Novice: 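The structure follows.
Nothing here was measured: the structure is a model prediction, and the numbers come from that model.
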Amino acid sequence: MYEDLLKNTHKTIKSLGEFLGKNLSDSEIKFLIECTSFKKMKETEKNFKNDEQHADTFKPDLVFFRKGEIGDWKNYFDEEMSKKVDDVVTNRLEFEVNFVYEN
């Protein structure tokens with residue numbers, strides 16, 4: 001989960017690699033951390049929005065990467081929306097998800 005990536009980035013990426021059948025070296029993990037940092041992804045989003053080739057995909061008013069903070073969802077979801085998400089996660093996913101709601 002995103003929260004795990006923020007709290008223990010190296011360990012989470014290593015675990016993700018293992019899940020995908022990859023044994024990542026420390027240098028590969030470091031490279032992935034740099035390339036997928038929130039700052040880097042936010043910059044990439046901005047570059048795509050300014051690129052004519054991707055203009056139809058990335059609308060200027062669309063914000064895909066907001067803040068990259070744990071708990072920021074509360075600024076966008078009301079209680080009813082939150083309950084709907086919890087319901088879907090609990091009743092429809094075939095695996096367990098433990099949300100972290102606070103930093």
Side-chain angles (χ1 to χ4, degrees):
M1 278 196 314
Y2 184 72
E3 292 82 2
D4 296 329
L5 280 169
L6 287 180
K7 290 182 176 187
N8 197 342
T9 309
H10 190 276
K11 180 180 175 184
T12 303
I13 289 180
K14 184 169 185 63
S15 176
L16 251 161
E18 290 169 357
F19 175 78
L20 296 171
K22 302 291 182 186
N23 185 17
L24 300 171
S25 68
D26 284 342
S27 63
E28 290 171 319
I29 292 171
K30 182 180 177 187
F31 176 76
L32 287 169
I33 290 170
E34 290 170 6
C35 290
T36 60
S37 71
F38 185 81
K39 180 181 178 184
K40 184 73 169 176
M41 292 173 73
K42 188 85 170 158
E43 289 172 6
T44 301
E45 176 187 32
K46 184 178 179 182
N47 291 338
F48 272 96
K49 285 181 180 180
N50 294 330
D51 181 353
E52 288 183 27
Q53 181 180 358
H54 299 97
D56 291 338
T57 305
F58 290 90
K59 304 294 181 194
D61 59 341
L62 175 69
V63 178
F64 191 77
F65 298 102
R66 292 187 320 262
K67 294 181 184 176
E69 297 174 358
I70 295 172
D72 189 47
W73 64 272
K74 292 183 276 184
N75 295 318
Y76 301 88
F77 281 57
D78 60 25
E79 189 173 337
E80 181 182 346
M81 293 165 76
S82 177
K83 286 180 182 179
K84 285 182 182 179
V85 170
D86 287 342
D87 179 60
V88 168
V89 168
T90 302
N91 297 313
R92 297 187 186 177
L93 294 182
E94 295 180 12
F95 53 89
E96 185 177 332
V97 176
N98 296 311
F99 287 112
V100 176
Y101 293 101
E102 299 294 329
N103 219 356

Novice: At their closest point, which heavy atom of Lys40 faces which heavy atom of Glu34, and how far apart are they?
Specialist: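 Answer, listing the atom of Lys40 first, then Glu34: CB-O, 3.7 Å.
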Novice: Quick check for you: to the nearest 0.5 Å, what is the distance between Thr36 atom OG1 and Ile13 atom CD1?
Specialist: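 The distance works out to 4.5 Å.
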Novice: Please go through Phe19's hydrophobic cluster and name the other residues, only I, L, V, M, F, W, Y counting, with side-chain heavy atoms under 4.5 Å joining them.
Specialist: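 Traced through the cluster, Phe19 reaches Leu20.
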Novice: With sequence neighbours left out, write down each residue that passes side chain to side chain contact (heavy atoms under 4.5 Å, CB included) with Asn75, or none if nothing qualifies.
Specialist: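 Asn75: side chain to side chain contact (heavy atoms under 4.5 Å, CB included) contacts with Lys67, Asp72.
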Novice: Got a second to check how far Lys83's NZ is from Asp78's CG, nearest 0.5 Å?
Specialist: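 Separation between the atoms: 10.0 Å.
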Novice: For Glu79, does the CD atom have more than 12 heavy-atom neighbours from other residues, nucleotides or ligands under 6.0 Å away?
Specialist: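 For Glu79, atom CD is not crowded (no more than 12 foreign heavy atoms under 6.0 Å).
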Novice: Measure across Glu28 and Leu24 and return the closest heavy-atom pair with its distance rounded to 0.1 Å.
Specialist: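 Heavy-atom minimum between the residues: OE1-CA, 3.4 Å.
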Novice: With clusters built from Ile, Leu, Val, Met, Phe, Trp and Tyr whose side-chain heavy atoms come within less than 4.5 Å, directly or transitively, what are the remaining members of the cluster of Val88, listed by chain and number?
Specialist: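 None; Val88 is a cluster of one.
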Novice: Measuring from Ser25:OG to Lys14:NZ, what's the distance to the nearest 0.5 Å?
Specialist: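 Reported to 0.5 Å precision, the distance equals 8.5 Å.
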Novice: Side-chain contact, heavy-atom cut-off 4.5 Å: His10 with Asp26?
Specialist: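 A side-chain contact under 4.5 Å exists here.
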Novice: To the nearest 0.5 Å, what is the distance between CG on Leu5 and CG on Leu16?
Specialist: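 Answer rounded to 0.5 Å: 6.5 Å.
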Novice: Measuring from atom CE of Met81 to atom NZ of Lys74, what distance do you get when rounded to the nearest 0.5 angstrom?
Specialist: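 The NZ atom of Lys74 is 15.0 Å from CE of Met81, to the nearest 0.5 Å.
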